[in-house]
Amino acid sequence: MKLEKPEHPEPGDADARRTIRPVICYPVDSLVPPDLESYRAAREGWEKLSETVVPPRDARCFDVPAGCFFRIVSIEGPQVGDLNLWSADDLQERFFSGKTRALHGTHLSTGDRLWSSLPYLRPMATITEDTLDWYGFDDWGGSVHDVIGTRCDPYTHRLLAGGDYHHCCHSNLTRALAGRLDRPRESVEPAVHDVLNVFMCTGFTRDTGQYFMKASPVRPGDFLEFFAEIDLLGALSACPGGDCGAEHSSDAAACHPLLVEVFRPAAPPRGWTSPAISGYDRTHGPASR
């Protein structure tokens, strides 16, 4: 974090340097926006394919075919969830939270897309409804559904608090994926990746720039809805921090289950086709010397 008292004096033109206007790194004007009207129209007559209840302080996997919808729903009390997504055909293609953040911002909502890792870089899912969109940004700069936090994990817990805790979201997701694939946990752990923090309310402090969390505004019945652009394998952890108003990785926090619902529309959205992987030729230019 930045020093409370800098060790070096500021130059005479410091104020002028600070007032330089920022430049958006990745303007998205060239991207074709999702046709939300068409997506939402496809809900008419949809059928529910599955329900998956994610127990408190644990995780579960679920499958979503391309062209289907899925919802993450609060069902009993305020609870945040950590979401991982992979291509159902290739675990190497997985949700890329960093690029999603660069394209859409620190916190996601309706119309934003979850992009996959390099070299694939295509939309994996599109957010089609967010019942917490009313929250916006609060006076601390906090908002919901962030792509800035990584996920609570036992390694950081041991570093900062000592001892081992096995119900961090990283461990929850590792166990769920290993069970789904019937593989040893150590072999699938590298596939677990940075998450979309569903329902979590987070931001950065204005003075030190530190990542903060506060009690989630989520209520039973709230949901975040997605449209699957490709065949997906998902995993969701019900965070051991509950609503994350006090602490991470705790047996003391009040925790609640989450529900994942998957729906298949009677017909795909008008004009929709599943996106292809990036067309970049992967030659990466001339050889380095």
Side-chain angles (χ1 to χ4, degrees), residues 50 52-65 70 72 79-101 114-122 124-125 146-200 202 211 213 226 228 230-242 244 247-253 255 257-260 262 277 282:
S50 67
T52 302
V53 176
V54 182
R57 295 186 178 85
D58 211 339
R60 293 290 185 271
C61 287
F62 57 94
D63 298 286
V64 190
F70 68 101
I72 299 174
Q79 175 66 44
V80 307
D82 285 41
L83 178 67
N84 267 192
L85 293 176
W86 300 268
S87 165
D89 300 321
D90 181 5
L91 288 188
Q92 293 296 316
E93 183 177 9
R94 59 194 189 183
F95 172 50
F96 190 176
S97 67
K99 188 60 68 179
T100 300
R101 178 175 64 247
L114 279 62
W115 294 81
S116 67
S117 54
L118 304 180
Y120 312 94
L121 197 60
R122 59 175 168 173
M124 302 182 80
D146 80 77
V147 280
I148 51 179
T150 55
R151 63 200 174 278
C152 55
D153 68 86
Y155 304 98
T156 305
H157 184 275
R158 186 176 181 85
L159 175 70
L160 298 178
D164 294 334
Y165 186 73
H166 303 302
H167 292 280
C168 300
C169 287
H170 177 86
S171 297
N172 296 349
L173 295 166
T174 298
R175 291 194 308 273
L177 185 60
R180 172 65 170 75
L181 301 177
D182 193 24
R183 288 171 50 185
R185 294 174 182 177
E186 61 271 19
S187 74
V188 305
E189 183 180 8
V192 174
H193 52 279
D194 287 352
V195 298
L196 170 61
N197 280 310
V198 179
F199 304 142
M200 192 171 181
T202 61
Y211 181 53
M213 61 186 188
F226 306 80
I230 64 174
D231 290 331
L232 295 174
L233 169 61
L236 180 69
S237 171
C239 182
C244 288
E247 58 182 330
H248 264 153
S249 306
S250 164
D251 282 332
C255 293
L258 293 169
L259 174 67
V260 181
V262 179
I277 65 172
R282 302 183 67 182

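All values below were derived from every heavy atom in this structure, side-chain atoms included, with hydrogens, water molecules and symmetry-related copies excluded. Residue numbers run from 1 in the order of the sequence given.
- Remark: the backbone N or O of Asp58 is not paired with any side-chain donor or acceptor of Arg175 at under 3.5 angstrom.
- Not one N or O on the side chain of His167 forms a donor-acceptor pair closer than 3.5 Å with the backbone of Ser250.
- At least one side-chain heavy atom of Pro56 sits under 4.5 Å from a side-chain heavy atom of Pro257.
- When side chains are defined from C-beta on, Leu233 counts as touching Asp63, because their heavy atoms get closer than 4.5 Å.
- Atom-to-atom distance recorded for Leu259:CG and Ile72:CD1 is 10.0 Å, nearest 0.5 angstrom.
- Put simply, the side chain of Thr150 does not reach to within 4.5 Å of the side chain of Thr156, judged on heavy atoms.
- Once rounded to the nearest 0.5 Å, the distance linking CG of Asp194 with CG of Leu83 reads 12.5 Å.
- The shortest heavy-atom contact between Cys169 and Ser237 is SG-OG, 3.2 Å.
- Taking CZ of Arg122 as the reference point, atom CD1 of Ile230 lies at 4.5 Å (rounded to 0.5 Å).
- At a threshold of 4.5 Å between non-hydrogen side-chain atoms, the residues Val188 and Arg180 do not count as touching.
- In terms of heavy-atom proximity, Ala238 sits nearest to Asn172 at O-ND2, 4.2 Å.
- With hydrogens and angles ignored, the 3.5 Å screen pairs a side-chain donor or acceptor of Ser187 with a backbone N or O of Pro184.
- Phe95 approaches Val147 most closely through the heavy-atom pair CZ-CG1, 3.8 Å.
- Using a distance-only test at 3.5 Å, with no hydrogens or angles considered, no donor-acceptor pair links the side chain of Thr100 to the main chain of Leu114.
- A 4.5 Å side-chain heavy-atom check between Cys152 and Tyr165 finds every atom pair outside the cut-off.
- Between Cys239 and Asp82 there is a side-chain heavy-atom pair separated by less than 4.5 Å.
- When side chains are defined from C-beta on, His170 counts as touching Pro154, because their heavy atoms get closer than 4.5 Å.
- Looking only at side-chain heavy atoms (C-beta outward), Pro65 and Asp231 come within less than 4.5 Å of each other.
- Counting all heavy atoms, side chain and backbone alike, Tyr211 lies closest to Asp146 at OH-OD2, 3.3 Å.
- A distance-only check finds a donor-acceptor pair linking the side chain of Ser117 to the backbone of Gln92 [under 3.5 Å].
- For the atom pair CD of Glu93 and CE of Met124, the computed distance is 5.5 Å after rounding to the nearest 0.5 Å.
- No side-chain donor from either of Ser87 and Asp90 sits under 3.5 Å from a side-chain acceptor of the other.
- Each of Phe226, Phe70, Trp86 was checked for a ring-ring contact (aromatic ring centres under 6.0 Å, His included) with Phe62, and the lone residue meeting it is Phe70.
- Between the side chain of Arg94 and the backbone N or O of Ala191, at least one donor-acceptor pair lies under 3.5 Å.
- In this structure, CD1 in Ile148 is found 12.5 Å from CE in Met213, a value given to the nearest 0.5 Å.
- Counting all heavy atoms, side chain and backbone alike, Gly163 lies closest to His157 at O-ND1, 3.7 Å.
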Check the pair Leu236, Arg60 against side-chain contact (heavy atoms from CB on, under 4.5 Å), reporting the backbone distance first and the verdict last. CA-CA 6 Å; Leu236 180 69; Arg60 293 290 185 271; over 6 Å; no
